[in-house]
2 protein chains.
Amino acid sequence: MDRRIDDLTARARIRDAAIRLFGERGIEGASIRDIAAEAGVSSGLVRHHFGSKEALRDACDRYAKERMLEVGEELTDAGGVAALDPATLHPRVFPLQLYLVRSMMDGSETAAALFLGAVDSIEEWSTAYGIHPTDRRAYAAAMAAIKLSVFVFRDQVSKALGEDITTPAGYARIGQGLMEVFTIPLITEEQAEQLRKKSEEN
Amino acid sequence: MDRRIDDLTARARIRDAAIRLFGERGIEGASIRDIAAEAGVSSGLVRHHFGSKEALRDACDRYAKERMLEVGEELTDAGGVAALDPATLHPRVFPLQLYLVRSMMDGSETAAALFLGAVDSIEEWSTAYGIHPTDRRAYAAAMAAIKLSVFVFRDQVSKALGEDITTPAGYARIGQGLMEVFTIPLITEEQAEQLRKKSEEN
DNA sequence: CACTTGACTACACGCTCGTGTAGGAGTTTG
DNA sequence: CAAACTCCTACACGAGCGTGTAGTCAAGTG
């Protein structure tokens, strides 16, 4: 899109640096001065282009959302269950996911809307797929949270695996672990029913 | 333990206030002055009792870890799969979980050790339970991350459910949603095998 | 009584933050 | 040519932060 010969405009570089640093350190943890230094410009230019830190975050939110929805369309075009294959989730979406999760935890409306959208589509998908949970909404919400969990705990998961999950190989590995959580039934329907009844007693 | 007639010592009140505010707003988001105000003391007293913000966090880490391990023993004593029942996870551990997750994301060694311990015990448990994932370590790491995910996204999940999951009722609901993720096999073993092969091609 | 000790407060420090302002350099436009 | 506009930098301001210091007050101890 905006890609020039081999470099980006200063505005795009600031936005990319912001997404990277916000995603790594959190919104509070990354200062405008840090972002400016990362992008190789003065801190005043950040303000010139985006007005304020909050406005910069909004711009990052919109950009990340746009890109993620693009990828989402690519994946649904590629067809159904294959979307769960970690190898098809290109490493290029990792910084975006990381940023959106951080922004969401920081109270972003845009990111929260993305989460709700994900819950909605999981709900619809599970219906079409022929799954019948007791509480479909709760099921969908749990699934949505689960999909993001590895991004939040990437340091801990990487340490547990002895392998950096920000690399394609590591991400594929934890992605497969996630897949098997969805594949292997942990308890039988009868046991689940028992637990359900027991919790209703209280 | 330290419980007096109806109040706590100033030190305990500071520690409880820190766990609450750190958990709600994150470590950076809660200042020593905020914590002091929440505990009803001067900011100097926080320093007097704990020395520094980092030391205060360490004290909170150790305290929360201790309490969580206590609860963990209670649950394993109560027996196996019942530990997954949300109704047995008392609301009193919610603030502790919230705090530990925040502290973990902020790079706490103690909290990270708790995560690794969780992965280890899930790994052992899955072996004893007769589950055979392709990559047991990755499976266990994914499970550990999943268990914590609803704490991270509690605001988003609450919004999606239209129900506050910090309440026992709401927590039971999302807990059941999580349980059904573990119960309903999403894809067959054959499909999983196909995906596995496809990702190995790249 | 004099002295010490621990809980506690008030206040000031240096730092970093987001933000505001003034202005320079290069291009476009009348 | 000059005015205007955009991109960009340098620098200062006030606020909030963690931290340091000095001192008050009450309880215990010889």
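Naming convention: chains lettered A, B, ... in sequence-line order (proteins, then strands); numbering from 1 in each chain. When reading the values below, keep in mind they use all heavy atoms of this one structure, side chains included, and skip hydrogens, waters and symmetry mates.
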Checklist entry - Looking at the rings of A:Phe151 and A:Phe94, which for Trp means the six-membered one, are their centres under 6.0 Å apart? => result yes
Item to check | Within 6.0 Å of NZ in A:Lys53, more than 12 heavy atoms from elsewhere | outcome: yes
Item to check | salt_bridge(A:Arg137, A:Asp120) N-O dist < 4.0 Å | outcome: yes
Checklist outcome for this item: Quick tally for nucleotides 4-9 of chain D: nucleotides whose base has a protein heavy atom under 4.0 Å get B, sugar-phosphate-only ones S, the rest -, giving ---BBB
Item to check | Geometric cation-pi criterion B:Arg11 and B:Phe50, 6.0 Å radius, 45° cone | outcome: yes
Next on the checklist: One pair to check against side-chain hydrogen bond (donor to acceptor under 3.5 Å, both in side chains): A:Thr134 and B:Glu180. What are the steps and the verdict?
Outcome noted: CA-CA 8 Å; A:Thr134 312; B:Glu180 291 190 311; 2.5 Å; yes
Item to check | Parallel, tilted or perpendicular: ring planes of A:Phe153 versus B:Phe115, cut at 30 and 60 degrees | outcome: parallel
Checklist entry - In whole angstroms, how far is the P atom of C:dC17 from the CZ atom of A:Arg57? => result 18 Å
Item to check | Check against side-chain hydrogen bond (donor to acceptor under 3.5 Å, both in side chains), A:Asp164 and A:Tyr171 | outcome: CA-CA 8 Å; A:Asp164 185 5; A:Tyr171 185 65; over 6 Å; no
What does the list of N/O pairs under 3.5 Å between the protein and nucleotides 13-17 of chain D look like, with a distance for each?
| residue | atom | partner | partner atom | Å |
| --- | --- | --- | --- | --- |
| D:dC17 | OP1 | B:Ser31 | OG | 3.4 |

Checklist entry - Where the side chain of A:Arg102 meets the backbone of A:Glu24, is there a donor-acceptor pair that is under 3.5 Å apart? => result yes
